[in-house]
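Here's the structure, in structure tokens; my notes come after.
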Protein chains: 2
Amino acid sequence: MKEHHCTSIVPLFNHLSEEEQDKIESLVIHRHFNKGETVWQPGDDPLLIIVASGSMKVYMIAGNGREQLLRLLTPGSYEGANALLGARAQDLFIDTLEATDACLLRKSDFTALLEKTPKLALKLLEINAQRMADTENQTRFLMMERVETRLSAYLLSLSLLSGGAADLEIPMKMKDLSAYLGTTPETLSRKLHLLEETNLISRKGKKSSAMLKLDRGGIRI
Amino acid sequence: MKEHHCTSIVPLFNHLSEEEQDKIESLVIHRHFNKGETVWQPGDDPLLIIVASGSMKVYMIAGNGREQLLRLLTPGSYEGANALLGARAQDLFIDTLEATDACLLRKSDFTALLEKTPKLALKLLEINAQRMADTENQTRFLMMERVETRLSAYLLSLSLLSGGAADLEIPMKMKDLSAYLGTTPETLSRKLHLLEETNLISRKGKKSSAMLKLDRGGIRI
DNA sequence: CGGAGGATTGAGGGAAGTCAATGCCGGTGG
DNA sequence: CCACCGGCATTGACTTCCCTCAATCCTCCG
């Protein structure tokens, strides 16, 4: 079995010296998760979770039972630093979306690391600052705009992430996308249909995660 | 003129030694703002803004022109750390709500401080983690629940902040509260009226910031 | 081939936003 | 000191978006 080395792929760690990385690697617990497993839920011990391969979704559950998808974790991203730093419980759930390898770091090990490695604290601050800004933008966005606008912006950002490609594949199920956009599968379906009718996109109706194409040079929001 | 000493009232700094605090104090720019002034807006230089007395509102402006109030800054809270740490622009605006004294810290001074004071980085991480968790909770809340629920929860949290008091005063104009709750003044007005009709609250129709009372042992959400 | 979960489509209703008019308070200037 | 003005709050009527419920279709997989 090929060992995955989390430290080298995580922006949080990969700027450290090889020696330091080795030390972290020795503290880390490697685990494999199957598709659809719950990696973390409220009540579990605080844990730094680093995705080595595969993907996870981080979501909350609201009073009415609907889930709000907060973000996807792809290889190199992590979750749980906040809880490790003493933030109040957040009622977060983390599930895998596919077979996933992850590295886990215990709270005690993590805090010890932080105290011994000032560089790490600075890096973490930097990453957190960006994440904070993104979250705030997401908040504004979800709050203020209509579903259609949110969807368009999402597609556009997806396209930008892949270097402005016109063809793109939605990296999750429609059900999850609707949760991410703060709406329902039904509404999402309708809105996609609408964008299609307006010739703004065309869909290669594939399996679950649809392949689609931004027509006419993309989407205006 | 009485000098305000920001460092001693800010959780971010007040755990440091007196010597360290004095040093920070020497770097800080003290400024007074009048009511309704804009303290910071997109395009301005990154700045750490610490509120010594008075209050400010931090908000964003959405595509449709409506503003989303993100949080209020009261004495001891600060804003701008993210931008100082290199986070992408956020299109934040910061206005004073009343006459306000603030301490400003330049980006260069701030980063120098951070590098020289590891304790500070850790503290900042801790505070940021909590703030991050709060923001995430706010996201979920704004997204998922109805205006009436958001309002009730807000009133309840306000009451809890003042030690469970039944009488409370809303610390901002209705217009701002509606932006904070992600709705419009009209809807807010209607919802307050509704809570009143149900005998859940009673209002001492004061001036702008209303005084109100939670009846029947409070609000159920 | 059949089942299950996801996606789609349709019908209907409800929550909240918009537009517009009026009322209220507080501040300003004569 | 009082009258006027301006911003904010309130109320009403209407509209719109999107959620809910329910049925059907599709796709993947055993």
Side-chain angles (χ1 to χ4, degrees), chain A residues 34-36 57 62-69 95 97-99 141-152 169-197 201-212, chain B residues 34-36 57 62-69 95 97-99 141-152 154 169-198 201-212:
Chain A
N34 294 320
K35 174 176 174 173
K57 63 173 176 179
N64 55 16
R66 259 181 40 215
E67 73 179 49
Q68 168 65 38
L69 185 54
D95 292 359
L97 291 171
E98 54 193 308
F141 204 70
L142 291 174
M143 281 291 315
M144 313 281 307
E145 313 291 351
R146 308 185 315 173
V147 169
E148 201 179 328
T149 313
R150 290 179 235 161
L151 173 58
S152 301
E169 184 175 350
I170 295 182
M172 55 188 142
K173 285 181 294 195
M174 293 316 230
K175 195 183 153 199
D176 288 325
L177 179 55
S178 68
Y180 183 69
L181 296 176
T183 183
T184 59
E186 293 95 324
T187 300
L188 174 60
S189 177
R190 282 180 245 269
K191 293 307 178 186
L192 276 171
H193 187 76
L194 205 114
L195 289 177
E196 211 171 7
E197 271 184 341
I201 65 170
S202 46
R203 273 193 282 183
K204 293 257 190 169
K206 250 187 36 180
K207 42 204 152 201
S208 49
S209 54
M211 194 82 165
L212 53 78
Chain B
N34 293 318
K35 174 176 175 171
K57 64 173 177 178
N64 55 16
R66 255 176 49 211
E67 72 178 49
Q68 167 67 36
L69 186 54
D95 292 359
L97 291 170
E98 54 192 307
F141 203 70
L142 291 174
M143 280 290 317
M144 314 280 306
E145 313 291 351
R146 305 186 314 173
V147 169
E148 200 178 330
T149 312
R150 289 179 235 161
L151 173 58
S152 302
Y154 170 76
E169 183 176 351
I170 295 183
M172 55 188 143
K173 285 179 293 195
M174 293 315 233
K175 194 184 154 197
D176 288 326
L177 179 56
S178 68
Y180 184 70
L181 296 176
T183 183
T184 59
E186 293 96 323
T187 300
L188 174 59
S189 176
R190 281 180 244 270
K191 294 306 179 186
L192 275 172
H193 188 75
L194 205 113
L195 287 178
E196 212 170 8
E197 271 183 341
T198 334
I201 64 171
S202 46
R203 272 192 284 183
K204 294 256 191 169
K206 249 189 36 180
K207 40 204 155 205
S208 48
S209 55
M211 194 80 166
L212 51 79

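Within every chain, numbering begins at 1; the chains are lettered A, B, ... in the order of the sequence lines, protein sequences first and strands thereafter.
Straight-line distance from the CG atom of A:Leu188 to the C1' atom of C:dT8: 11 Å, rounded to whole Å. With rounding to whole Å, B:Glu98 atom CD is found 14 Å from C:dG27 atom P. Straight-line distance from the NZ atom of A:Lys35 to the P atom of D:dG30: 10 Å, rounded to whole Å. Between the CD atom of A:Glu145 and the P atom of D:dC17 there is a distance of 14 Å, given to the nearest Å. Summarising the geometry, the separation between CG on B:Leu192 and C1' on D:dC8 is reported as 14 Å, rounded to the nearest angstrom. The CG atom of A:Leu194 sits 14 Å away from the C1' atom of C:dT8 (whole-angstrom rounding). Here the P atom of nucleotide C:dG17 and the CZ atom of B:Arg146 are 13 Å apart, to the nearest Å. In this structure, B:Lys191 places its NZ atom 15 Å from C1' of D:dT10, rounding to the nearest Å.
Listed for the A:Thr149 side chain is no donor-acceptor partner under 3.5 Å among the backbone atoms of A:Glu145. No side-chain donor-acceptor contact under 3.5 Å links A:Thr183 to the backbone of A:Ala179.
Rounded to 10 degrees, the angle between the two end axes of the helix from C:dC1-D:dG30 to C:dG30-D:dC1 is 30°, with five pairs used at each end.
Each of B:Glu169, B:Glu197, B:Glu196 was compared with B:Arg203 under the salt bridge (Lys or Arg N to Asp or Glu O under 4.0 Å) criterion, and only B:Glu196 meets it.
With sequence neighbours excluded, no residue forms a side chain to side chain donor-acceptor pair (under 3.5 Å) with B:Glu186. Listed by chain and number, the residues in a side chain to side chain donor-acceptor pair (under 3.5 Å) with A:Asp176 are A:Lys57 (sequence neighbours excluded).
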Go through the steps to decide whether B:Lys173 and B:Leu97 satisfy the test side-chain contact (heavy atoms from CB on, under 4.5 Å), and finish with yes or no. CA-CA 9 Å; B:Lys173 285 179 293 195; B:Leu97 291 170; 5.5 Å; no
Apply side-chain contact (heavy atoms from CB on, under 4.5 Å) to the pair B:Met172 and B:Leu69, showing each step before the final yes or no. CA-CA 11 Å; B:Met172 55 188 143; B:Leu69 186 54; 3.9 Å; yes
Evaluate B:Met174 against B:Leu192 for side-chain contact (heavy atoms from CB on, under 4.5 Å), listing each step before the verdict. CA-CA 10 Å; B:Met174 293 315 233; B:Leu192 275 172; 2.8 Å; yes
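Of the side-chain N and O atoms in B:His193, none sit less than 4.0 angstrom from OP1 or OP2 of D:dT10. B:Arg203 has no side-chain polar atom (N or O) that falls below the 4.0 Å cut-off from OP1 or OP2 of D:dA9. At the phosphate of D:dC18, neither OP1 nor OP2 sits under 4.0 Å from any side-chain N or O atom of A:Thr187.
A side-chain donor-acceptor contact under 3.5 Å links A:Thr187 and A:Thr184.
Considering only heavy atoms from C-beta on, A:Val147 stays 4.5 Å or farther from A:Leu188 through its side chain. Here the side chains of B:Arg146 and B:Lys191 are not in contact, with every heavy-atom distance at 4.5 Å or above.
Of the residues in residues 175-186 of chain B, those placing a heavy atom less than 4.0 Å from an atom of DNA chain D are B:Lys175, B:Glu186, in numerical order.
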Kindly give the atom pairs (protein nitrogen or oxygen, nucleotide nitrogen or oxygen) under 3.5 Å for nucleotides 13-15 of chain D.
unit_1, atom_1, unit_2, atom_2, d
D:dA13, N6, B:Arg190, NH2, 3.4

